[in-house]
Number of protein chains: 2
Amino acid sequence: MRPTVHDIAAAAGVSLATVDRVLNRRPGVRHVTREKVETAIRDLGYVRDLAAANLAKGRVYPLTFILPASDNSFMHGLNAEIRAAIARSAAERTDIRIVEVPAFDPQALVRELETVAAEKPSGVALVATDAPDVRTAVDRLVHDGIPVVTLVSDLTGSLRHHYAGVDNIAAGRTAARLLGRFLGGAKGEIAVLAGSMLVRDHRERLEGFASVTAQEFPALHLLPVLEGRDDPETAHMLIADALGKNDGIVGIYSLGAGNRGLIRALKEKAVDRALTVIAHELTVHTRAALLDGTIDAILNQDAGHEVRSAIRVLKAKADGLAVIDAQERIRLDIFLKDNLP
Amino acid sequence: MRPTVHDIAAAAGVSLATVDRVLNRRPGVRHVTREKVETAIRDLGYVRDLAAANLAKGRVYPLTFILPASDNSFMHGLNAEIRAAIARSAAERTDIRIVEVPAFDPQALVRELETVAAEKPSGVALVATDAPDVRTAVDRLVHDGIPVVTLVSDLTGSLRHHYAGVDNIAAGRTAARLLGRFLGGAKGEIAVLAGSMLVRDHRERLEGFASVTAQEFPALHLLPVLEGRDDPETAHMLIADALGKNDGIVGIYSLGAGNRGLIRALKEKAVDRALTVIAHELTVHTRAALLDGTIDAILNQDAGHEVRSAIRVLKAKADGLAVIDAQERIRLDIFLKDNLP
DNA sequence: CATTTTTTGATTTACGTACATCAAAATTGG
DNA sequence: CCAATTTTGATGTACGTAAATCAAAAAATG
């Protein structure tokens, strides 16, 4: 049997109350006594029974998720996954709240972070907009002892405890290699469709993509990035226009959202052309396009895994526990027609 | 606040003891009374607090993992992951035991299953050898109320509650498409290296691979399967021999273990040839080969995820709880040199 | 050394559930 | 209707920890 507080009280030759004072960092214990207790804890290998402690404390973990108010399939999916987690709240002792802030608006995010900080939740998860003020606001939370994880888009250089999302540079590099290999040494132009160069995840994907393309597939030439604002209509317009004007295009990398428009443009303009297309995020639209051959590969991040991972990490940090790194690593899914879930 | 047993006792107008009798299916409750209590439970939406219940019961989950005694990197890795789970036993209230049985030996597995059944564990995970007797033995366990999950290799047609492993047909299909696309319409022969056609996962991978190759890449011709017994030496010999005799080989699919030998053969015999190679299982050897270009892609199943998933599912089944299907789906990892963990 | 302050002990209640015991009430059988 | 049986209630203890209270002991201060 694992040792209990009674065992360490007996081993240290002190009372239960004193053990409790040491364990919960309450005042009123002499230095030497505290050390006796800590030694007993180490010697017996005592670890507090979290379930029992949470029961006694009536503990719940109030968690806040801050998301951009973006109207695309990916964000809807993320939202749905958080709501699914809310449905499990009772069993997981969580009390999760979702707040939405305008997208691409650092100041709005900063204000919300300040509001949230005042509520002193057990943890905060946010889809970060990459700006110095946001970094400062996040660091402030961390400094106040509130665990913070970034979701989907990271905030490097900040003190956030964890990032629950994919390595976007690796994603871009992988996309480049897949495209290059699929094209098998062909020469031509590559169109890149992004949401916005203001968000870090898109910038990083482009960076990875451009770097591998340049180094390993010199026969391919990148056209200037098209910024579709993650909006299907804009994406449609941009891609239709590019395909109309330039018939040297042999491949397309869509690294953001709004793929519905991309797919429509491909079906209209590229029926007679052999284009190789790689897109991000598995949705009903990209899935159908993969199956009918309009898209050749989909890179995906599993929103459900990201949300569950963020919750696990926030709870663990709130309790000062270690996380299983391998479990919390969000993998880049590569989907071909054959391995769709 | 969520309702407690006290609340349902009050709502049903009975005593705590009666509620307890109903909840724990103890005898001595009249039918009408039992219904009153069950109505109150439904009306208030009561769900028993598992943590408190487990605390009161002093519950632990004795789990048994049955593995083949195979000496390859993958099985070593699987073993290590289970031992890592054992290290977390205290926090997870598990009591995990590993037993090894001779590989490819259905009778030995059946005997072990019977031994294990006699110990009445809370759950059993096994790497299944595909044989009718094993199916019967597994069904027997399930019939006795013991949750069973198959690990890595499934036992279709049995009553096992869950399979913690990848879809091997999809894996084979994916390998074929990757190889076909990487070869970009080239004509030639494909060598397939397997462990043994006696294990289901290898058969399924081959089946998926052959089917996509035949349908979608008719320019590629599969050579008869080489069975390397998951052994590096045998694999080396077989591949070196094939490469020496046949210079029409343009691609290799290694769907089993023993890749150390494959890689050695490639470095000796194929320095001057442009071979496209797809292999299974990320190990130190395949990782290095991917990075130096000897292998073009690695398909992988994450042993850590499989083990953690098996444990979660067994515990949930033991408690009669639902599992989050999306969380327990073991994904096929596709690694290129750019997205290695 | 007396007094104040700090440290420690002893004890109790609580969290939500499980389980056991004994008495009281209700039901059933004859 | 009485006795035997079944059903129900009341109560207590336990799991391992948190947290509070009050008294007792020890240490520090003058």
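Order of the sequence lines sets the chain letters (A, B, ...), proteins ahead of strands, with each chain counted from 1.
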Rounded to whole angstrom units, what separation is found between the [atom1] atom of [X] and the [atom2] atom of [N]?
| X | N | atom1 | atom2 | result |
| --- | --- | --- | --- | --- |
| Asp7(A) | dG16(D) | CG | P | 9 Å |
| Asn24(B) | dG16(C) | CG | P | 17 Å |
| Arg93(A) | dT17(D) | CZ | C1' | 12 Å |
| Arg2(A) | dT17(D) | CZ | C1' | 11 Å |
| Ile8(A) | dA18(D) | CD1 | P | 10 Å |
| Leu23(A) | dA18(D) | CG | P | 6 Å |

Side chain to side chain donor-acceptor pair (under 3.5 Å) contacts in which one or both residues fall within residues 125-134 of chain A, not counting sequence neighbours: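 For residues 125-134 of chain A, and leaving out neighbouring residues, the side chain to side chain donor-acceptor pair (under 3.5 Å) pairs sorted by first residue read Gln107(A)-Asp133(A), Asp130(A)-Arg135(A), Asp130(A)-Arg200(A), Asp130(A)-Arg203(A).
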Residue whose closest nucleotide on DNA chain D lies nearer the 5' end, Val5(A) versus Val32(B):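 In this pair, the answer is Val32(B).
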Once side chain to side chain contact (heavy atoms under 4.5 Å, CB included) is applied, do any residues pair with [X], and if so which ones, sequence neighbours excluded?
| X | value |
| --- | --- |
| His76(A) | Asp71(A) |
| Ala108(A) | Pro102(A), Asp105(A), Arg111(A) |
| Val323(A) | Val313(A), Ala316(A), Asp325(A), Glu328(A) |
| Ser122(B) | Arg59(B), Tyr61(B), Pro62(B), Leu63(B), Ala318(B) |

Asp154(B)/Thr150(B) under side-chain hydrogen bond (donor to acceptor under 3.5 Å, both in side chains): CA gap, chis, key distance, verdict: CA-CA 5 Å; Asp154(B) 198 10; Thr150(B) 47; 2.8 Å; yes
Phosphate OP1/OP2 of dG9(D): any Thr18(B) side-chain N/O under 4.0 Å: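 For Thr18(B), the contact criterion (side-chain N or O under 4.0 Å from OP1 or OP2 of dG9(D)) is met.
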Protein-to-nucleotide contact annotation, 5' to 3' order, nucleotides 20-30 of chain D [B base; S sugar-phosphate only; - none; under 4.0 Å, heavy atom]: -B-----S---
Residues which pass side-chain hydrogen bond (donor to acceptor under 3.5 Å, both in side chains) with Arg331(B), listed by chain and number, not counting sequence neighbours: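 Expected list: His305(A), Asp333(A).
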Residues that Ser89(B) engages under side-chain hydrogen bond (donor to acceptor under 3.5 Å, both in side chains), provided they are two or more places apart: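 For Ser89(B), the residues satisfying side-chain hydrogen bond (donor to acceptor under 3.5 Å, both in side chains) (neighbours in sequence not counted) are Thr94(B).
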Identify each donor-acceptor pair in which a side-chain atom of residues 137-146 of chain A lies under 3.5 Å from a protein atom, sequence neighbours left out, and give them as a table.
residue	atom	partner	partner atom	Å
Asp139(A)	OD1	Leu159(A)	N	2.7

Heavy-atom pair with the smallest gap, counting every atom of Leu151(B) and Glu306(B):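 Here Leu151(B) and Glu306(B) meet closest at CD1-O, 3.7 Å.
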Sequence-distant partners of Arg329(A), salt bridge (charged side-chain N to carboxylate O under 4.0 Å, His left out), two or more places apart: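 Per chain and number, Arg329(A) pairs via salt bridge (charged side-chain N to carboxylate O under 4.0 Å, His left out) with no residue.
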Selection: residues 47-62 of chain B, any non-hydrogen atom under 4.0 Å of DNA chain D: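 Correct list: Leu55(B), Ala56(B).
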Close residues, residues 35-45 of chain A, relative to DNA chain C [heavy-atom separation under 4.0 Å]: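 Close to the strand, none.
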